Amino acid sequence: MSERLPGPVACVCGPTASGKSAVADLVASSVGCPVVSVDAMQVYRSMDIGTAKTPASERAAELLMVDVAGFDEPYSVALFQRDARACVDRSLARHGCAVLCGGTGLYLDAVIDDMDFPAGDAASKSRARYEALANEQGPQALWDLLRQRDPKSAEAVHPHNVRRVVRALELADQGASYAERTRHLRRRKPRYDALIWALVPERDALYARIDARVDEMFSAGLVDEVKALADAGIRKSPTASQAIGYKEVLAALDGQCTLDEAKEAVKRSTRRYAKRQLSWIKRDGRATVIPMGETSPEQAAWIIEGQLRRSREARR
RNA sequence: GGCUGGGUAGCUCAGUUGGUAGAGCAGCGGACUGAAAAUCCGCGUGUCAGGGGUUCGACUCCCUUCCCCGCCA
C-alpha cells in the first residue's frame, strides 16, 4: 500500500485570457484558502499590467507566488518549485486544501510532480562558455560536442535548439544526463493528490479576448510601465525582459518599430503562446477540460468546487 | 457610359513559349526537467471571380458576365 499523497490540490489551468484567474479566485474564496499563482512572469515585481496580474482590489482570495522576485534576478523553475511547494504545504496544513492557478506548464509540473533539479548553481560560467562556442562555431559544432559527451542526450535534442543543447552540456558537466531526466509524464510520480482542470475557450473567442486584453493593457499604461522598467535596467535581465508585452514594447522604445506595430506583435506573440499552452495541456492529458464557450466563470467555479468538496470528504 | 489596369491561399503578391500553382506574413500541429510568456521542430491550408470556347491538355489564348482601382465623360 502506497502512502496517501497530501491534498487535495486544485489546479486551474488554461491558456492566457481563458479566465482562469477569476475562476480560481472564486474557488479559493469559497473554500477559504489562498490562490497560488503558477506563472513564470507574475513572479516579478513591477511587472503588473503586461503580466495581467489581478489587482488586489479585484480579488477575494489572497494571491501567493506573485511579486516574489525583482526583475533583475533571474528566477527559475527550481526556485519556483521550492517556493511554491512551501505555499502549497502551508495551505494544506492550514486549510486542508490548496488552489493553484496558472499557465506555465513546466512550473505546474515542477510543483505537483516529483521532478527534481540537480543541486548547485545555475551553471552561469559554463553556460556563457557554451553559448560563446555556439556563436563562434555554430550550433552544429556545439551539438557535435554534446554528441561526444552524451550521445543519448544529443539524440533527444535538436541541433538547432542551442538553449537545450547548452543545458544538456551543463548537466553533463555535473555528471547528470539530460536524456535521463527528460522522462515522459507517465513515468513521473505525483507529489500531491492533484485535481486538474483546463479552461478552454473556442479558438476564435480566445483570440478576440486576447486582442481586447492587449488593447486594454496599452490603454492602461503598458508603455509607461515598460519605460520605467527600461530606465531601471530591465534590458539586462535575461528572463523578465523576454516577457510578452515587454520585449515588443522595448523594441519599439529602441526604435526598431512603431508602438502600433509593437501592439500587433504583442497580440501575435500572445496567440502563439496560447497555442503552446494548449499543446502542453493536451499532451499532459490529466486535465478535465471545461469548454468556456458554454460555461460562465461562476459555473466553472461551481463545477470545480463540487469536485473539490467531494475529494475532501473522501479523504476523511 | 467610355478607356486603362486588375480579380490566384486568411492578407500582400509571383506564376516563365499552355502541362491542374508558390513566396512572405498570418494560421495550424507538435516537442519541451534550472531562461519556459523562453527555446526548438513540422505543415500550403486553393471552385486560380463566374460561364462558354479553342486545345490531348487552359491560371495562362479567345468570347462573355460580374466585381474592384484609376483616368475620361
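Note that the structure is predicted; figures quoted are calculated from it, not measured. The sequence lines fix the lettering, A, B, ..., with proteins before strands; numbering per chain opens at 1.
- Between A/E261 and A/R268, no side-chain nitrogen of the basic residue sits less than 4.0 Å from a carboxylate oxygen of the acidic one, so the salt-bridge criterion is not met.
- Here B/C28 presents its C1' atom at 17 Å from CD of A/Q277, a figure rounded to the nearest Å.
- B/U20 is unpaired under the Watson-Crick or G-U wobble criterion, no partner having all donor-acceptor distances under 3.5 Å.
- Of the side-chain N and O atoms in A/S76, none sit less than 4.0 angstrom from OP1 or OP2 of B/A35.
- To the nearest whole angstrom, the two P atoms, one in B/G34 and one in B/G24, are 32 Å apart.
- Rounded to whole Å, the separation between the C1' atoms of B/C59 and B/A35 comes to 49 Å.
- A/E264 contributes no side-chain N or O that forms a donor-acceptor pair with the base of B/A26 under 3.5 Å.
- Side-chain atoms of A/L106 lie closest to B/A36 of the nucleotides B/A36, B/A37, B/G27.
- Distances from the side chain of A/H160 to the nucleotides B/A36, B/C40, B/G27 place B/C40 closest.
- B/C40 and B/G30 make up a base pair, with Watson-Crick or G-U wobble contacts both under 3.5 Å.
- Contact between the side-chain N/O atoms of A/R164 and the OP1/OP2 oxygens of B/U39 is not found at any separation under 4.0 Å.
- Atom pair A/D284:CG and B/G30:C1' shows a separation of 15 Å (rounding to whole Å applied).
- In this structure, CG of A/N161 is placed 12 Å from C1' of B/A35, rounded to the nearest angstrom.
- Closest to the side chain of A/S279, from the set B/G30, B/A37, B/U39, is B/G30.
- The nucleotide whose nearest atom lies closest to any side-chain atom of A/Y107 is, among B/A36, B/G27, B/A35, B/A36.
- The distance from atom CZ of A/R127 to atom P of B/U39 is 14 Å, rounded to the nearest whole Å.
- Listed by residue number, A/R203, A/Y207 are the residues of residues 193-207 of chain A with a heavy-atom contact under 4.0 Å to RNA chain B.
- What separates OH of A/Y273 from C1' of B/A26 is a distance of 21 Å, to the nearest Å.
- With 3.5 Å as the limit, one finds a donor-acceptor pair spanning the side chains of A/D173 and A/Y130.
- Salt bridge annotation for A/E313-A/R310: absent, with no cationic side-chain nitrogen under 4.0 angstrom from a carboxylate oxygen.
- Protein atom CD of A/E155 is 16 Å distant from nucleotide atom C1' of B/C41, rounded to whole Å.
- Proximity note for A/R268 (side chain, C-beta onward) versus B/A26, B/G34, B/A37: the nearest is B/A26.
- Phosphate proximity of B/A37 to A/T16: absent, as no side-chain N or O sits under 4.0 Å from OP1 or OP2.
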Please tabulate, for side-chain N and O atoms in residues 8-26 of chain A, each donor-acceptor pair with protein atoms closer than 3.5 Å (sequence neighbours left out).
from: A/T16; atom 1: OG1; to: A/R213; atom 2: NH2; distance (Å): 2.7
from: A/S18; atom 1: OG; to: A/P15; atom 2: O; distance (Å): 2.7
from: A/K20; atom 1: NZ; to: A/P15; atom 2: O; distance (Å): 3.4
from: A/D25; atom 1: OD1; to: A/A60; atom 2: N; distance (Å): 3.1
from: A/D25; atom 1: OD1; to: A/A61; atom 2: N; distance (Å): 2.9
from: A/D25; atom 1: OD2; to: A/A60; atom 2: N; distance (Å): 2.9

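- Remark: A/H158 is not in phosphate contact with B/A31, judged by side-chain N or O atoms under 4.0 Å from OP1 or OP2.
- With a 4.5 Å cut-off on side-chain heavy atoms, A/D67 and A/D48 count as touching.
- Of the candidate nucleotides B/A26, B/G34, B/C32, B/G34 has the atom lying nearest to any side-chain atom of A/V77.
- Spacing between B/G22 and B/C63 at atom C1', rounded to whole Å, works out to 30 Å.
- Contacts of A/E131 with the nucleic acid, taken as non-hydrogen atoms under 4.0 Å apart, include base atoms.
- Minimum atom distance to the side chain of A/F117 is reached by B/G34, of the listed B/G34, B/C40, B/A26.
- Taking 3.5 Å as the limit, the base of B/A37 and the side chain of A/D39 contain a donor-acceptor pair of atoms between them.
- Base engagement by A/G50 is indicated by at least one non-hydrogen atom pair under 4.0 Å involving a base atom.
- Going from the C1' atom of B/C68 to that of B/U12 covers 16 Å, rounded to whole Å.
- In this structure, the CG atom of A/L146 is 15 Å from the C1' atom of B/C40, given to the nearest Å.
- With P as the reference atom, B/C69 and B/C48 are 24 Å apart, rounded to whole Å.
- Taking 4.0 Å as the cut-off between side-chain N and carboxylate O, A/R286 and A/D113 count as a salt-bridged pair.
- Residues A/D39 and A/Y44 have side chains that never bring a donor and an acceptor to within less than 3.5 angstrom of each other.
- The interatomic distance linking A/Y44 (OH) with B/A35 (C1') rounds to 8 Å, in whole Å.
- With hydrogens and angles left out, the side-chain atoms of A/Y178 and A/E170 include no donor and acceptor closer than 3.5 Å.
- Of the side-chain N and O atoms in A/R276, none sit less than 4.0 angstrom from OP1 or OP2 of B/G30.
- A sub-4.0 Å separation between OP1 or OP2 of B/A37 and a side-chain N or O of A/T270 is absent.
- Regarding contacts with the backbone of B/C28, every side-chain N or O of A/R272 stays at 4.0 angstrom or more from both OP1 and OP2.
- Taking for each of A/P238 and A/E248 the nucleotide of RNA chain B with the nearest heavy atom, the 5'-most of the two is the partner of A/P238.
- In this model, the phosphate group of B/A37 is not approached by any side-chain N or O of A/K247 to a distance below 4.0 Å at OP1 or OP2.
- Two residues are said to be in side-chain contact when any heavy atoms from C-beta on lie closer than 4.5 Å; A/R235 and A/L250 meet this criterion.
- One P atom belongs to B/A21, the other to B/U16, and the distance between them is 15 Å to the nearest Å.
- Within the 4.0 Å cut-off from OP1 or OP2 of B/G30, not a single side-chain nitrogen or oxygen of A/R283 is found.
- In this structure, A/K275 does not reach the B/G27 phosphate: none of its side-chain N or O atoms is under 4.0 Å from OP1 or OP2.
- Looking only at side-chain heavy atoms (C-beta outward), A/Y246 and A/E225 come within less than 4.5 Å of each other.
- A heavy-atom distance below 4.5 Å is found between the side chains of A/D193 and A/S311.
- Taking the P atoms as reference points, B/G5 lies 13 Å from B/C61, given to the whole Å.
- B/U20 and B/A58 have their P atoms separated by 11 Å, with the value rounded to a whole Å.
- Base pairing analysis places B/G46 opposite nothing; no Watson-Crick or G-U wobble pair with both distances below 3.5 Å involves it.
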